[in-house]
Number of protein chains: 2
Amino acid sequence: MAYTIKDVAKKAGVSIATVSRVLNNQPGFSEKTKQKVQQVIEELGYEPNAVARGLINNKTHTIGVLFPELSSMLVTDFLNGIETMAHELGSSVIVCHTEADGEKTMKYLQLLNEKRIDGIIFVSAILKEEYYNYIRKMGIPMVLLSTESYAYPVPYVKVNDQHAAYSATKYLLNKGHKKIGMISGNKDDLIAGKPRIMGFKMALKDSGIAFTDNIIYSKGFSFQDGLDGMEKLMKQSSEISAIFAASDEIAFGALSFAYQHGIKIPDDVSIIGYDNLSIAEMAIPPLTTVGQPLIKMGKTAASMLFEMLESGNVFVENRILPHEILERETVREKR
Amino acid sequence: MAYTIKDVAKKAGVSIATVSRVLNNQPGFSEKTKQKVQQVIEELGYEPNAVARGLINNKTHTIGVLFPELSSMLVTDFLNGIETMAHELGSSVIVCHTEADGEKTMKYLQLLNEKRIDGIIFVSAILKEEYYNYIRKMGIPMVLLSTESYAYPVPYVKVNDQHAAYSATKYLLNKGHKKIGMISGNKDDLIAGKPRIMGFKMALKDSGIAFTDNIIYSKGFSFQDGLDGMEKLMKQSSEISAIFAASDEIAFGALSFAYQHGIKIPDDVSIIGYDNLSIAEMAIPPLTTVGQPLIKMGKTAASMLFEMLESGNVFVENRILPHEILERETVREKR
DNA sequence: TCATCCAACGTAAACGTTTACGTAAAAGAG
DNA sequence: CTCTTTTACGTAAACGTTTACGTTGGATGA
């Protein structure tokens with residue numbers, strides 16, 4: 001059994017209150033007793049029980065992070081950022097992966113509630129009414145990462161998807177491309193799907209390019225979607241010279257399809273992705289992409305949460321982090 | 001404030017002991033009171049406080065996972081497996097990334113100790129004496145994932161690296177290759193480095209092929225190591241027709257270098273990787289590799305931990321999971 | 001010198017559970 | 001019908017902390 005504060009108190013010849021006081025550096029003890037107590041703590045290797053502390057302080061120094069899936073490559077960087085910041089601020093993080101399943105999500109929320117975590121970061125999924133209501137009842141702060149809620153006042157950290165998509169498309173236009181296609185994600189996805197499509201369309205329109213239906217609508221943002229999307233796009237509008245892929249994984253799929261069918265990238269077709277996953281620069285050829293600052297986003301989400309925790313405010317400013325175009329080798333100037 | 005067991009007891013007109021009994025399904029209450037209590041619980045939306053439970057039961061239903069880094073792509077799948085199994089068995093997982101830093105690791109261990117977690121999974125790093133001693137003192141079970149300890153009796157789950165490397169090399173040999181090179185990881189890494197080198201050498205030897213120094217020793221297992229390794233290897237022994245890369249990331253680096261320098265894969269040189277990361281099949285061309293069952297390994301590590309927790313044993317059988325060769329398109333028969 | 005104040009503690013209640021123990025009533029045995 | 005056993009509870013202690021409150025003893029002030 002681990003030593004308790006009582007053991008320390010007895011051995012140091014003081015009361016547990018005094019031990020607690022030096023532990024928490026609260027006034028009410030002399031230098032001499034401080035020395036003595038700390039010496040005993042050292043000797044015994046005593047370490048306070050965070051569970052007991054949590055019970056009385058109503059604070060567990062633990063936050064929960066809800067991911068729809070752990071297989072996506074985005075989460076690694078998000079988690080990295082979150083964990084780094086949380087640990088810096090003295091908290092631990094519990095990961096949950098909900099598989100985008102409503103029932104599972106509720107189970108996780110219940111679990112996290114029972115564990116009395118201090119706050120929640122909700123990642124890359126839509127915040128359903130059921131979730132929101134439950135978390136409200138829990139009475140703890142929450143922030144959304146890489147998603148936002150139109151229905152509920154929950155602070156979020158994101159990049160501006162529409163703007164980023166606009167930039168990506170504009171980048172292709174500036175390179176002289178006129179016939180540009182897009183392999184989009186799910187157009188019914190109001191967070192990551194539609195805005196990127198909107199940005200794409202808007203850039204074309206602003207450049208005075210007549211919009212010819214060059215958008216392939218996929219189910220998701222996966223490699224397979226890219227593979228399928230590229231096939232459809234090539235069949236449907238073979239004259240295009242550049243493609244905006246709504247995610248890096250889609251871009252990889254497109255790249256793969258191109259490779260399999262002798263389409264040279266970027267000689268025949270240019271491709272720009274979206275996300276800047278760590279593997280983007282490992283692609284062949286290295287993928288030009290509009291990057292989200294993934295780790296930074298994770299860190300930001302965590303600090304927002306702690307800001308709310310400290311201030312006691314239920315809300316905090318949203319953060320729109322800047323995107324950035326990483327020029328690599330999948331886009332070529334069109335003469 | 002959330003409701004407590006007292007609120008339930010009062011409203012149901014029973015004592016807190018009775019509420020606790022129906023909560024834990026322990027004998028000592030009638031069907032009628034059970035109904036009543038459950039109804040009140042439902043009405044109030046009461047959920048037990050796991051912190052208080054943890055204090056008295058000395059069990060937090062939380063395990064800790066220590067990763068050296070969260071950026072490697074291996075961890076996603078490991079974490080996925082661990083989290084899935086842990087949640088299935090009613091526990092949460094706290095992630096820690098130590099950045100392979102001794103001091104940080106000790107800090108994390110201390111934190112986990114204070115939080116009174118039930119067990120630890122230690123991933124992909126060497127178990128230093130300091131760590132081991134500390135965890136022993138914590139008095140909780142631990143299992144090693146994708147690593148093992150020669151010095152201490154800690155159960156582990158791994159694939160047989162040497163055997164897997166042997167298989168990979170043999171696979172190349174069976175395809176008719178005679179001049180085979182290897183881009184290895186760190187040869188001083190006794191867990192993931194040396195065994196793979198040994199397996200490689202042994203396969204060559206068993207096939208009666210004179211060993212010519214065709215091994216490039218890298219610092220790690222990264223993309224950059226693959227890029228550099230491939231360059232060195234091509235310079236040093238340009239006549240080789242096949243390469244065994246000690247990790248998929250190294251293989252990606254090699255692929256990239258080959259692409260940049262007009263070396264055709266697999267026409268000029270065949271490459272086999274190691275790990276079977278999810279992105280292996282997204283590579284161009286899709287990467288032939290010897291696969292570790294990453295998710296399965298994570299799940300296995302978790303179940304071993306829970307087996308130890310339930311049985312109270314400090315040890316449990318090690319698990320060597322089978323590897324498997326995934327034939328894709330980076331290896332070609334040599335005529 | 002004596003009242004006052006403050007630093008330096010100790011005591012005990014509280015946090016929300018679980019559980020050993022006690023007790024009254026119901027059920028069963030003879 | 002009485003005695004014993006069982007069922008269905010309630011009471012209170014315990015888990016390891018924090019903290020409000022009370023109690024010292026010495027320093028300070030007049």
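None of the values given here were measured: they were computed from a predicted structure. Residue numbers start from 1 in every chain, and the chains themselves are labelled A, B, ... in the order their sequence lines are given, proteins ahead of strands.
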task: Looking at every strand, decide which applies to Val14(A) at a 4.0 Å heavy-atom threshold: base, sugar-phosphate, or nothing.
output: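 Val14(A): backbone/sugar contact only, no base atoms under 4.0 Å.
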
In whole Å, I'd like the distance from the [atom1] atom of [X] to the [atom2] atom of [N].
X: Glu47(A); N: dT17(D); atom1: CD; atom2: C1'; result: 15 Å
X: Ile56(A); N: dT17(D); atom1: CD1; atom2: C1'; result: 6 Å
X: Asn49(B); N: dA14(C); atom1: CG; atom2: C1'; result: 14 Å
X: Asn113(B); N: dG16(D); atom1: CG; atom2: C1'; result: 14 Å
X: Arg53(B); N: dT17(C); atom1: CZ; atom2: P; result: 8 Å
X: Lys6(A); N: dA12(C); atom1: NZ; atom2: P; result: 13 Å
X: Ile5(B); N: dA14(C); atom1: CD1; atom2: P; result: 18 Å

- prompt: What is the ring orientation for His87(B) with Tyr108(A), classed by angle as parallel under 30°, tilted 30 to 60°, or perpendicular over 60°?
  reply: parallel

message: Can you tell me how the ring of Tyr152(A) sits relative to the ring of Tyr132(A), calling it parallel under 30°, perpendicular over 60° and tilted otherwise?
response: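 Taking Tyr132(A) first and then Tyr152(A), their aromatic rings lie parallel (interplane angle under 30°).
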
At under 4.0 Å, does any side-chain N or O of [X] touch on OP1 or OP2 of [N]?
X: Tyr3(A); N: dT17(D); value: no
X: Ser30(B); N: dT7(D); value: no
X: Gln26(B); N: dT18(C); value: no
X: Arg21(A); N: dT18(D); value: no
X: Ser15(A); N: dG10(C); value: yes
X: Asn58(A); N: dC15(C); value: no
X: Thr33(A); N: dA8(C); value: no

query: Picking from dT18(D), dT17(C), dG16(C), which would you name as closest to the side chain of Ile16(A)?
result: dT18(D)

- prompt: Nearest to the side chain of Ser20(B), which nucleotide is it out of dT17(D), dT18(C), dT17(C)?
  reply: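 The nucleotide sitting nearest to the side chain is dT18(C).
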
message: Looking only at side-chain N and O atoms, does Thr84(A) offer a donor or acceptor that is under 3.5 Å from a partner on Lys299(A)?
response: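 Side-chain D/A pair, Lys299(A) to Thr84(A): absent.
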
field: Donor-acceptor side-chain pairing of His97(A) and Glu69(A) below 3.5 angstrom
entry: no

- prompt: What's the shortest heavy-atom distance between Gly28(A) and Arg21(A), and which atoms?
  reply: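 It is O-NE, 3.9 Å.
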
task: Report yes if a donor N or O on one partner sits less than 3.5 Å from an acceptor N or O on the other, where the partners are the side chain of Arg116(A) and the base of dG16(C); otherwise report no.
output: no

First encountered from the 5' end of DNA chain D, between Ala17(A) and Pro27(B): Pro27(B)

- request: Please identify each residue that fulfils ring-ring contact (aromatic ring centres under 6.0 Å, His included) with Phe78(A), with sequence neighbours left out.
  value: none

task: Report the residues that fulfil side chain to side chain donor-acceptor pair (under 3.5 Å) with Asp161(B), sequence neighbours left out, ordered by chain and then residue number.
output: Lys158(B), Arg196(B), Tyr274(B)

query: What does the inter-axis angle of the helix from dT1(C)-dA30(D) to dG30(C)-dC1(D) come out as, five pairs per end, nearest 10 degrees?
result: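 The helix from dT1(C)-dA30(D) to dG30(C)-dC1(D) shows an end-to-end axis angle of 40°.
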
